2 protein chains.
Amino acid sequence: MPEQPAGSRPTLEAVAARAGVSRATASRVVNGGAGVRRPLADKVREAVEELGYVPNHAARSLVTRQSGAVAVIIAEPEFRIFSDPFFEQQVRGISRELTAHDSQLVLLWVEGPGDYERIARYLGGGHVDGALAFSLHDDDGLPALVHRSKVPTVYGGRPGAGAAAVPYVDCDNRGGARTAVRHLVGLGRERVAHIAGPRDQTSAIDRADGYHDVLFDADPALTARGDFTVDSGARAMAQLLERAPDLDAVFAANDLMAAGALRVLRERGRRVPQDVAVVGFDDMVTVAAAADPPLTTVRQDVEGMGRLMVRLLMRVLNDGGDRGPGAPASVIMPTELVRRASA
Amino acid sequence: MPEQPAGSRPTLEAVAARAGVSRATASRVVNGGAGVRRPLADKVREAVEELGYVPNHAARSLVTRQSGAVAVIIAEPEFRIFSDPFFEQQVRGISRELTAHDSQLVLLWVEGPGDYERIARYLGGGHVDGALAFSLHDDDGLPALVHRSKVPTVYGGRPGAGAAAVPYVDCDNRGGARTAVRHLVGLGRERVAHIAGPRDQTSAIDRADGYHDVLFDADPALTARGDFTVDSGARAMAQLLERAPDLDAVFAANDLMAAGALRVLRERGRRVPQDVAVVGFDDMVTVAAAADPPLTTVRQDVEGMGRLMVRLLMRVLNDGGDRGPGAPASVIMPTELVRRASA
DNA sequence: GTACGCCGTGAGAGCGCTTCCACCCACTCC
DNA sequence: GGAGTGGGTGGAAGCGCTCTCACGGCGTAC
């Protein structure tokens with residue numbers, strides 16, 4: 001039965017009094033108990049239990065100068081955000097790992113460049129110990145801004161060439177693309193087309209590079225560009241069909257565009273996979289498995305990437321500013337080809 | 001050119017010194033400046049600017065006993081989380097509105113019932129001023145737990161009968177369903193089937209109720225149940241076709257199940273909408289518009305619901321514990337029928 | 001011309017916690 | 001047996017902020 005003054009939570013002071021020790025000792029026990037003799041420590045823990053003591057985060061944070069929170073900066077352009085469970089899985093991974101590190105997740109949703117000022121102020125305000133951000137377009141100003149705020153940050157996805165050398169976590173876009181294209185070639189396809197993503201996104205670039213790694217002398221007519229949306233995939237497919245009616249396979253830089261391609265192929269009477277084999281990328285749950293026919297695609301462990309981002313950040317945070325053995329290396333995660341009916 | 005001791009951020013003290021006023025006055029200006037004469041206030045603001053002063057949140061929070069943060073509790077079962085941009089939009093709306101209220105968004109991802117303990121401790125710890133949660137299944141223990149923590153909370157989605165009377169924001173599931181079914185009837189359809197959602201989710205129940213509002217004497221053979229996934233929709237459709245081969249329309253309780261239904265109808269050679277008209281619910285971007293044929297569906301303003309949740313919470317927070325004119329009423333938002341090709 | 005009141009300002013206490021430092025008490029070593 | 005050592009403990013100083021309260025100066029009313 002707690003016996004503090006009603007309406008307010010018990011303080012360390014109260015715990016100390018009840019345990020018959022000083023506040024200093026009580027504090028030590030609450031924070032792990034190193035250097036406190038057993039019987040005393042037990043008495044304190046008992047008092048904590050009885051009083052239902054929960055440390056006041058603000059007070060602790062005030063003196064330790066640590067917030068115990070990490071900002072997750074979301075700045076995806078709308079078209080991607082709304083149509084992509086990707087984000088969700090990644091945040092889930094981040095959340096899980098953060099919990100394991102006793103840290104809180106503060107979500108910062110960026111409403112376009114006009115909002116950067118606010119983000120900068122927030123980060124500069126010392127509300128969070130570190131930040132996790134996602135790389136977008138090459139010309140985005142966010143990374144520079146985050147960098148200036150001095151808050152340790154780890155990126156999801158390889159930042160564009162413009163950005164400074166920052167730790168990031170990405171999947172092996174290029175290798176995954178190679179696997180996809182090799183699979184198509186292994187199926188005996190001889191005219192493998194590529195529906196590429198936006199020029200200014202590293203994931204799209206890397207996937208296109210993977211395509212060219214395998215098909216280094218590919219006919220330029222076999223490549224069309226989309227913007228990662230279903231419609232753009234459909235348009236690209238239509239273009240390709242016009243430019244190269246003899247194509248017998250398509251590697252799309254993501255599942256959404258592959259779905260668009262599938263639609264156009266069906267409309268034009270091309271059978272998948274008999275006439276044209278199709279491979280996507282991402283293994284987006286709602287899209288790939290639900291497509292008709294179900295999509296063969298390249299899977300990446302998005303949740304795992306989220307977790308890894310947190311681990312990397314924690315390492316940076318623990319190394320402190322001492323720059324340890326250099327900034328922690330970035331991590332590239334493997335991908336996996338998921339075979340379904342489309343190729 | 002800031003002139004504080006290197007490495008540490010300027011404090012109010014520094015601002016006050018530079019402006020030649022007391023810390024108290026500086027504080028007043030920083031917090032709106034009420035009751036401070038113009039010239040002094042200007043001097044303080046100038047000092048703030050020059051020093052690049054940002055208030056220390058922990059210190060402020062320690063004395064005001066307010067965190068300026070709101071928890072968003074996510075506890076969806078996996079199947080839904082992964083396949084539903086719903087969550088994303090809602091969080092986006094919440095984030096936007098929270099920003100407008102100068103509050104931070106702390107994301108609490110619940111990893112199943114075993115994780116409730118942690119959530120309770122966090123909420124009880126006074127880290128947040130309020131919470132936003134989503135109602136799930138009737139038998140979920142979370143609402144009770146949140147309620148016990150005394151943290152003011154607003155729900156997204158009408159909580160089940162078991163929950164106490166809590167403020168919530170929901171869309172007009174029942175009315176939307178009525179509109180959908182009336183549309184089908186208006187098209188001249190005479191055998192309108194329903195693919196219902198899980199029994200223990202209020203949204204599914206309300207949508208089924210809407211169906212029965214219009215078709216109060218509907219043939220029970222015309223209703224099959226799914227669990228809001230694509231596959232379950234397909235299974236339900238197959239069942240319906242078997243039980244009532246003469247059906248000429250289907251109202252599915254969500255778009256995912258409608259997509260599953262579409263697939264089965266196509267496989268069985270039923271033309272949509274000529275033979276069977278199909279209406280979904282939610283207007284899920286990736287699903288409804290991308291379906292073949294594009295899905296006629298009921299749209300709800302998910303982002304708007306998110307924003308409303310925040311406004312409701314802010315009202316509760318501002319009314320304080322004084323219980324004002326009773327707990328704020330819940331809000332039901334209108335829905336809208338989006339006509340595409342499937343009906 | 002004096003008394004009263006009010007508004008604007010500053011001094012200072014204190015929010016709950018961590019942590020430095022001094023102290024004390026074994027215990028060991030000469 | 002006395003001095004030195006070291007680990008365990010408590011006292012107390014802040015961390016940076018808000019807010020109460022006392023004070024001083026000016027305006028108004030009598």
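Each chain gets a letter, A, B and so on, in the order its sequence line appears, and its residues count up from 1. The structure presented is a predicted model; accordingly, all values stated were derived computationally and were not measured.
Distance check, rounded to the nearest 0.5 Å: CD of B/Gln104 to OG1 of B/Thr99 gives 7.0 Å.
Here the P atom of nucleotide D/dT18 and the CD atom of B/Glu13 are 13 Å apart, to the nearest Å. Rounded to an integer number of Å, the gap from NE2 of A/His57 to C1' of D/dC15 is 14 Å. Here D/dG14 presents its C1' atom at 12 Å from CG of B/Leu62, a figure rounded to the nearest Å.
Residue-to-nucleotide proximity on DNA chain C shows that, of B/Arg37 and A/Ala59, the 5′-proximal contact is made by B/Arg37. In terms of position along DNA chain C, the nucleotide closest to B/Leu40 lies nearer the 5' end than the nucleotide closest to the other residue of the pair A/Thr64 and B/Leu40.
Comment: A/Arg45 does not engage A/Glu49 in a salt bridge, judged by the lack of any side-chain N to carboxylate O separation of less than 4.0 angstrom. No salt bridge links A/Arg18 with A/Glu46; every basic N to acidic carboxylate O contact stays at or beyond 4.0 Å.
Proximity note for A/Ala24 (side chain, C-beta onward) versus D/dG11, D/dT18, C/dT18: the nearest is D/dG11. Comparing D/dC17, D/dG8, C/dG10 against the side chain of B/Val21 picks out C/dG10 as the nearest. Ranking C/dT18, D/dT9, D/dT18 by closeness to the A/Val36 side chain, first place goes to D/dT9. Listed candidates were D/dC17, D/dC19, C/dC17. Nearest to the side chain of B/Asn56 is D/dC17. Closest approach to the A/Thr25 side chain among D/dT18, D/dT9, C/dT18 is made by D/dT9 (side chain taken as heavy atoms from C-beta onward). The side chain of B/Leu12 has D/dC17 as its nearest neighbour among C/dC17, C/dG12, D/dC17.
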Determine whether A/His101 and A/Val310 satisfy the following criterion, side-chain contact (heavy atoms from CB on, under 4.5 Å), listing intermediate values before the conclusion. CA-CA 9 Å; A/His101 287 269; A/Val310 174; 4.1 Å; yes

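Between A/Trp109 and B/Val91, the shortest heavy-atom distance links the atoms CZ3-CG1, 3.6 Å.
Distances shorter than 4.0 Å separate none of the side-chain N or O atoms of A/Ser22 from OP1 or OP2 on D/dG11. A close approach under 4.0 Å does not occur between any side-chain nitrogen or oxygen of B/Thr11 and OP1 or OP2 of D/dG16. The side chain of A/Ser27 contributes no N or O atom lying less than 4.0 Å from OP1 or OP2 of C/dC17. Contact between the side-chain N/O atoms of A/Arg60 and the OP1/OP2 oxygens of D/dC15 is not found at any separation under 4.0 Å.
Under the 4.5 Å side-chain criterion, counting only non-hydrogen atoms from C-beta, B/Asp170 is not in contact with B/Ser330.
Taking the six-membered ring for Trp and thresholds of 30 and 60 degrees, A/His127 and A/Tyr122 have ring planes inclined between 30 and 60 degrees apart.
Nucleic acid contact class of B/Arg23 (heavy atoms, under 4.0 Å, all strands): base.
The terminal axes of the helix from C/dG1-D/dC30 to C/dC30-D/dG1, fitted over 5 pairs per end, subtend an angle of 50° to the nearest 10°.
Donor-acceptor pairing under 3.5 Å, judged by distance alone, is present between the side chain of B/Arg28 and the base of C/dG10.
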